[in-house]
Amino acid sequence: MLLEDKTALITGCNRGIGKAILETFAVNGANIFACVRNETEEFTDRIKSLSEKNNVEITPLYFDMRDEKAMKSAMMQIRKTRKKIDILVNNAGMCPPSACSFQMTPIDKIREVFDVNFFATLQLTQYVLKFMQSASTVGGGGGGGSTPSIVNVASTAGIDGSPGHCAYSAGKAALVGFTKTLSHELGSFGIRVNAVAPGLTDTDLAQSTWGDYIDEINERSTMHRLGTTKEIADAILFLASDLSSFMTGEVIRVDGGQII
């Protein structure tokens with residue numbers, strides 16, 4: 001198991017890519033702080049089943065990424081457990097449900113997207129680093145050893161742009177820049193920072209947002225299909241694990257050979 005005896009914090013675990021990350025990490029032996037916005041019976045039952053099946057500990061943390069007070073309260077719950085964090089996966093994010101040209105996009109809507117996809121991620125990362133520093137080994141584990149890891153979930157839209165989705169694309173581009181900058185700052189502390197940039201992935205959100213254009217999008221892909229959430233989660237698993245112990249500051253596209 002690639003993450004045995006490691007503790008991960010994952011945001012946005014309730015559905016889509018986040019749900020797949022949660023399941024993949026549990027199967028690979030990670031104990032997990034699973035962050036979601038609201039407590040539901042379905043989510044409670046899911047993490048209980050995953051925990052028992054894989055013999056791992058999964059602790060739910062409930063907060064809205066835009067609520068700094070609630071985020072701080074969740075961090076205090078972690079502090080009380082006295083556990084270090086080995087892995088942070090910044091997955092939570094939002095995408096406006098419909099395309100809108102830049103000229104017609106209210107600045108307040110752009111701020112809202114940035115608040116969730118960028119600023120909240122930065123805020124959470126600052127908090128989690130306090131728990132992660134104790135897990136680090138200066139010099140990156142002495143060569144091939146265990147290293148704490150931050151994995152940001154960006155998007156190909158943040159690299160290539162996506163007409164009609166200026167706020168989302170710009171926010172994800174900022175996340176890419178943050179990934180590269182933070183990797184330089186934390187490398188000497190033995191903490192790696194990388195990102196995954198998924199292409200269009202088969203989720204409920206993708207179907208509702210892009211449903212009428214999916215066939216056209218698939219035609220612009222070398223593999224002519226959408227990615228699965230499991231495929232994205234496996235790439236994140238690679239970056240979170242010691243298989244990528246000498247990688248930092250990288251942004252890995254997982255897009256089936258998307259052609260712009």
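All values below were derived from every heavy atom in this structure, side-chain atoms included, with hydrogens, water molecules and symmetry-related copies excluded.
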Does E23 form a side chain to side chain contact (heavy atoms under 4.5 Å, CB included) with L50? I'd like the steps, not just the answer. CA-CA 7 Å; E23 294 170 352; L50 276 173; 3.9 Å; yes
Walk me through whether V151 and L88 qualify under side chain to side chain contact (heavy atoms under 4.5 Å, CB included). CA-CA 6 Å; V151 184; L88 168 62; over 6 Å; no
Pairing residues for E185 by the salt bridge (Lys or Arg N to Asp or Glu O under 4.0 Å) criterion, not counting sequence neighbours: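 Counting only residues at least two positions away or on another chain, E185 forms no salt bridge (Lys or Arg N to Asp or Glu O under 4.0 Å).
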Any sub-3.5 Å donor-acceptor pair from [X]'s side-chain atoms to [Y]'s backbone N or O?
X	Y	value
T222	G257	yes
D242	S245	no
T11	N91	yes
T229	I17	no

Grab the two heavy atoms, one from [X] and one from [Y], that are nearest each other, plus how far apart they are.
X	Y	result
A173	G158	CB-O, 3.3 Å
M65	A92	CG-CB, 4.0 Å
P198	A154	CD-O, 3.3 Å
G190	P148	O-CD, 3.2 Å
A197	I159	CB-CD1, 3.8 Å
F43	C13	CE1-O, 4.0 Å

Hey, does [Y] have a side-chain heavy atom less than 4.5 Å from the side chain of [X]?
X	Y	value
R46	K19	yes
L3	S241	yes
I150	V89	no
M94	N117	yes
T125	N90	yes
K84	M132	no

Take V196 and L239 through the side chain to side chain contact (heavy atoms under 4.5 Å, CB included) test and state the conclusion after the steps. CA-CA 8 Å; V196 165; L239 289 176; 3.6 Å; yes
Would you give me the side-chain donor-acceptor pairs under 3.5 Å for residues 57-64, sequence neighbours excluded?
residue: E57; atom: OE1; partner: K83; partner atom: NZ; Å: 2.9
residue: E57; atom: OE2; partner: K83; partner atom: NZ; Å: 3.0
residue: D64; atom: OD1; partner: R66; partner atom: N; Å: 2.8
residue: D64; atom: OD1; partner: R66; partner atom: NE; Å: 3.4

Apply side chain to side chain contact (heavy atoms under 4.5 Å, CB included) to I10 and F33, showing your working. CA-CA 6 Å; I10 307 167; F33 287 104; over 6 Å; no
As an exercise, state the distance from [atom1] of [X] to [atom2] of [Y], rounded to the nearest 0.5 Å.
X	Y	atom1	atom2	result
M247	I252	CE	CD1	4.0 Å
S149	L186	OG	CG	11.0 Å
T40	N14	OG1	CG	5.5 Å
Q126	T121	CD	OG1	11.5 Å
K6	I85	NZ	CD1	13.0 Å
D234	L2	CG	CG	9.5 Å

Applying side chain to side chain contact (heavy atoms under 4.5 Å, CB included) between R79 and each of Q77, M75, R82, M76, report the one that passes.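 Only match with R79 under side chain to side chain contact (heavy atoms under 4.5 Å, CB included): M76.
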For N31, the option from T7, D86, D5 that meets side chain to side chain contact (heavy atoms under 4.5 Å, CB included):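 Only one option passes, and that is T7.
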Any chain of hydrophobic side-chain contacts (each under 4.5 Å) joining [X] to [Y]?
X	Y	result
F25	M1	no
V251	V153	no
I87	F238	yes
Y127	L9	yes
I32	I232	yes

Over 12 foreign heavy atoms within 6.0 Å of CG, N55: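 Result for CG/N55: open.
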Is the number of heavy atoms from other residues, nucleotides or ligands under 6.0 Å of R37 CZ greater than 12?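 Count not over threshold, so no.
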For T179, which residues count as a side chain to side chain contact (heavy atoms under 4.5 Å, CB included) partner, sequence neighbours excluded?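 With neighbours one apart ignored, the set is N152, V193, A195.
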Is it the case that the side chains of S183 and N194 hold a donor-acceptor pair, with the cut-off being a distance below 3.5 Å and no angle test?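 There is no such pair (donor and acceptor under 3.5 Å, judged by atom type) between the side chains of N194 and S183.
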Side-chain donor-acceptor contact under 3.5 Å, T228 with E231: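 A pair is found: one side chain offers a donor N or O, the other an acceptor, under 3.5 Å apart.
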For D160, is there an ion pair with R253 - N to carboxylate O distance below 4.0 angstrom?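 Answer for the salt bridge query: yes.
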Would you call R111-D108 a salt bridge at under 4.0 Å N-O?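 Result for this pair is yes, salt bridge flagged.
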Tell me whether the rings of F178 and F118 are parallel (<30°), tilted (30 to 60°) or perpendicular (>60°).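 Taking F118 first and then F178, their aromatic rings stand perpendicular (interplane angle over 60°).
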